[in-house]
Student: 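Pasting a structure below so you can have a look.
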Amino acid sequence: MAHDSIQLPCGGDGACMRCKVTPPTEETLTCSICAAPWHVGCLASKPETLASTLQWHCPDCSGDPLLPPSVATDGSSSELFVAIKAIEADESLTEKEKARKRQELVSGRVEEDGGNGKGESSVLDVLDESLNCSFCMQLPDRPVTTPCGHNFCLKCFQKWIGQGKRTCAKCRSTVPPKMASQPRINSTLVSVIRMAKLSKSNAAAGPLKVFHFIHNQDRPDKAFTTERAQKSGKANAASGKIFVTVPPDHFGPITAENDPDRNQGVLVGECWEDRLECRQWGAHLPHVAGIAGQSNYGAQSVALSGGYDDDEDHGEWFLYTGSGGRDLSGNKRTNKEQSFDQKFEKMNEALRVSCKKGYPVRVLLFLLMCRSHKEKRSSYAPEKGVRYDGVYRIEKCWRKVGIQGFKVCRYLFVRCDNEPAPWTSDEHGDRPRPLPAISELKKATDIFERKESPSWDFDEEGSRWKWKKAPPPSKKPANVADLEEGKRTRKAIRHSRKLSTRERLLKEFGCLICQQVMSLPVTTPCAHNFCKSCFEAAFTGKTAIRERNKGGRTLRSQKNILNCPSCPTDISDFLQDLQVNRELMDVIESLKQKSEENEEPAEEEPMNGLEESTDLGSSDEKTGKKTENVDPKDDLENALPNSEEERTSKRRKVDTAQVGDDDL
DNA sequence: CTTTTCCTGTGT
DNA sequence: ACACAGGAAAAG
């Protein structure tokens with residue numbers, strides 16, 4: 001992207017990046033498109049009139065404005081200019097309303113909540129002050145964080161990148177290629193924003209809808225029949241107790257009635273370490289196969305890897321490729337080579353039945369255990385493990401010629417869950433939405449669309465998705481609860497929460513290392529948040545450059561791989577130039593201040609698991625490890641520093657470090 | 001019953 | 001990057 005001038009805007013600290021001076025407000029000019037502040041004195045050409053000042057767009061935006069999706073690439077960008085100018089010129093609107101209208105224009109979506117500024121200083125306002133996406137001026141939707149510490153909506157960011165921009169819209173730092181191509185959603189921000197919204201809409205916000213990893217202890221040794229399986233623990237032993245009481249051919253969400261263990265069901269956003277633990281919660285039973293189903297009955301769930309060549313993930317809808325077509329004779333489970341056409345049979349037919357009937361299909365999203373991170377990955381995929389994303393309907397399916405030249409079955413999944421998706425800060429679940437236009441349909445064959453009315457559909461009256469027709473009768477025995485295991489029942493402790501919204505929000509801002517509310521937060525490109533000091537401490541003594549010795553010879557020094565403390569992503573580049581997420585820091589500071597003002601002594605509720613301890617209660621007798629509400633024995637197990645989970649993650653870290661990987 | 005198939009997961 | 005164990009459910 002060739003900039004025709006070297007003009008620069010004001011950086012995150014408000015200082016002009018060109019003259020390094022913080023200009024007074026009257027010398028600051030705000031771009032009407034990207035809302036970045038610029039120093040008038042350092043601009044080659046400044047607007048002449050008041051009117052043109054209001055409509056001014058910065059050198060970065062003037063060449064190539066953001067396009068609303070409706071006019072995607074047909075070149076009618078001037079429409080947007082006209083519309084934005086009209087909004088800016090409308091004296092009857094407040095700045096906030098103008099911002100919202102701009103947002104609607106650019107994002108193509110309409111906010112339902114009329115942004116009623118009722119004067120009450122809500123936590124939402126605190127977030128609003130610091131966190132707004134500088135494109136749309138709203139709290140970021142599907143927030144992504146640049147390595148330079150600025151937060152945007154995923155879609156705004158992608159539009160910006162789509163125009164060939166490779167600099168941060170706020171500070172003009174270079175956006176690394178990986179961030180540009182695979183921005184990660186910052187799930188801490190997602191939960192915080194959603195929580196703040198919920199606290200405003202209904203003061204008595206229900207159970208905390210933030211999820212953490214679930215770990216299972218009930219993995220009987222008898223599962224590991226062979227010596228090797230016993231040694232490796234997980235590689236092949238799809239066993240362990242199934243905790244929920246649904247039959248294996250159960251369709252739709254798993255509800256509290258079928259969860260005697262926790263009495264809460266499988267919630268959207270829950271994560272498991274791997275496919276086997278996911279299986280234990282009944283969300284997706286096959287431990288290898290991607291599709292759970294029966295060809296004459298329907299498919300109950302699919303596992304979607306966030307990094308498949310053909311798959312396309314847009315969050316609320318995605319395209320899925322069927323199974324089969326590969327020669328797996330012998331022991332070749334890994335054969336990626338397709339050698340014949342896929343047909344609508346077996347599992348692919350099961351999916352087609354679910355499409356025909358309009359059944360809800362559970363969707364599990366995960367990343368393959370890939371140790372080189374060269375593959376493309378979906379922005380929506382979890383950083384590690386398997387995540388339950390809710391139920392989707394298959395609206396149509398077809399066949400097309402796949403990348404490898406053989407035909408593959410394709411499915412259009414559209415989300416239809418009553419709970420919001422893990423990546424959105426919306427407070428509510430899905431509403432019926434128009435089907436996206438699928439370009440590959442033009443070349444598709446065997447197109448199949450549902451004719452009959454769907455079994456699972458939106459009920460306008462109740463404003464919820466529900467079974468409009470009776471769900472198909474189960475043909476398999478339900479997994480019955482093991483009565484003698486009753487002692488393990490957890491007391492479903494979730495209502496014992498008297499923390500204020502502010503305190504709950506602060507809790508969410510816990511550093512993934514020290515578990516305390518972050519000071520000087522940094523956000524990695526893989527969207528994990530830490531205190532700057534904890535983060536740096538995690539890498540003391542490790543350098544980014546490493547000598548590579550092989551057989552006595554010294555090879556050229558090679559870039560070392562430094563992994564994120566929370567996931568296997570290599571973040572050595574990020575470490576080179578560590579930037580504090582100032583926007584996040586401002587939010588934390590404001591929340592802390594106001595919490596102190598309100599001096600309501602925080603009730604010392606010993607957090608019964610699920611939550612990290614924070615510095616709020618300043619009690620640190622917990623290990624800080626995420627534990628579940630389990631019996632004391634399990635608790636002890638979890639508190640042991642050398643738990644299975646930790647050992648595996650360490651092992652993995654070593655593994656990745658050995659892989660020479662020079663990305664891009 | 002046996003055979004086939006599955007977007008694992010780990011060790012080298 | 002490569003090899004591969006040997007589970008579970010569908011399908012025959």
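Just so it is clear: chains get the letters A, B, ... in the order the sequence lines come, proteins before strands, and each one is counted from 1.
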Student: Is it true that atom NZ of A:Lys357 has more than 12 heavy atoms of other residues, nucleotides or ligands lying nearer than 6.0 Å?
Tutor: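 Result for NZ/A:Lys357: open.
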
Student: How close or far is atom P of C:dA11 from atom NZ of A:Lys343, stated in whole angstroms?
Tutor: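 Interatomic distance, NZ of A:Lys343 to P of C:dA11: 15 Å.
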
Student: Rounded to the nearest angstrom, tell me the gap between atom CD in A:Gln294 and atom C1' in C:dA9.
Tutor: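 Interatomic distance, CD of A:Gln294 to C1' of C:dA9: 9 Å.
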
Student: Around atom NZ of A:Lys466, are there more than 12 heavy atoms from other residues, nucleotides or ligands closer than 6.0 Å?
Tutor: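 Incorrect, the count does not exceed 12.
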
Student: From C:dA10, B:dC6, C:dA8, pick the nucleotide closest to the side chain of A:Arg279?
Tutor: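 Of the candidates, C:dA8 comes closest.
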
Student: Using a 4.0 Å heavy-atom cut-off across all strands, classify A:Ser295 as base, sugar-phosphate, or nothing.
Tutor: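 Counting heavy atoms under 4.0 Å across all strands, the contact made by A:Ser295 is with sugar-phosphate only.
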
Student: Taking atom P of C:dG7 as reference, at what distance in whole Å does atom NE2 of A:His284 sit?
Tutor: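 Rounded to the whole Å, the gap is 19 Å.
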
Student: Are there any protein N/O atoms within less than 3.5 Å of an N/O atom in nucleotides 2-4 of chain B, and if so, which ones and at what distance?
Tutor:
none

Student: What pattern of brackets, bars and dots sums up DNA chain C from 5' to 3', given Watson-Crick or G-U wobble pairs under 3.5 Å, [ ] for crossing pairs and | for another strand?
Tutor: |||||.||||||

Student: Take atom CG of A:Leu276 and atom P of B:dC6, then tell me their distance rounded to the nearest Å.
Tutor: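 One finds 18 Å between P of B:dC6 and CG of A:Leu276, rounded.
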
Student: For A:Tyr297, which contact category applies under a 4.0 Å heavy-atom criterion: base, sugar-phosphate, or nothing?
Tutor: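 Result for A:Tyr297 = nothing.
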
Student: Without decimals, in angstroms, what is the distance between A:Lys476 NZ and C:dA9 P?
Tutor: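 Taking NZ of A:Lys476 and P of C:dA9, I get 7 Å after rounding.
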
Student: Using the ring-ring contact (aromatic ring centres under 6.0 Å, His included) rule, pick out the option among A:Phe251, A:Tyr359, A:Phe318 that qualifies with A:Tyr392.
Tutor: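 Checked A:Phe251, A:Tyr359, A:Phe318 against A:Tyr392; only one passes ring-ring contact (aromatic ring centres under 6.0 Å, His included): A:Phe318.
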
Student: From the set B:dC6, C:dA10, C:dG7, return the single nucleotide nearest to any side-chain atom of A:Met347.
Tutor: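 It is C:dA10.
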
Student: Using atom CZ of A:Arg275 as one end and atom C1' of B:dT10 as the other, report the distance to the nearest whole Å.
Tutor: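 Taking atom C1' of B:dT10 as the reference, CZ of A:Arg275 is at 16 Å.
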
Student: The side chain of A:Phe366 is closest to which nucleotide in this list: C:dA9, B:dG9, B:dT8?
Tutor: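 The answer is B:dT8, which lies nearest to the side chain.
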
Student: Can I get a per-line list of side-chain donor-acceptor pairs under 3.5 Å for residues 401-414 of chain A, giving both atom names and the distance, sequence neighbours left out?
Tutor:
residue: A:Gln404; atom: OE1; partner: A:Gln338; partner atom: N; Å: 2.7
residue: A:Gln404; atom: NE2; partner: A:Lys336; partner atom: O; Å: 2.9
residue: A:Lys407; atom: NZ; partner: A:Thr445; partner atom: OG1; Å: 2.9
residue: A:Arg410; atom: NE; partner: A:Glu440; partner atom: OE2; Å: 2.8
residue: A:Arg410; atom: NH1; partner: A:Asp310; partner atom: O; Å: 3.0
residue: A:Arg410; atom: NH1; partner: A:Thr321; partner atom: OG1; Å: 2.7
residue: A:Arg410; atom: NH2; partner: A:Asp310; partner atom: O; Å: 3.1
residue: A:Arg410; atom: NH2; partner: A:Glu440; partner atom: OE1; Å: 2.9
residue: A:Tyr411; atom: OH; partner: A:Asn348; partner atom: O; Å: 2.7

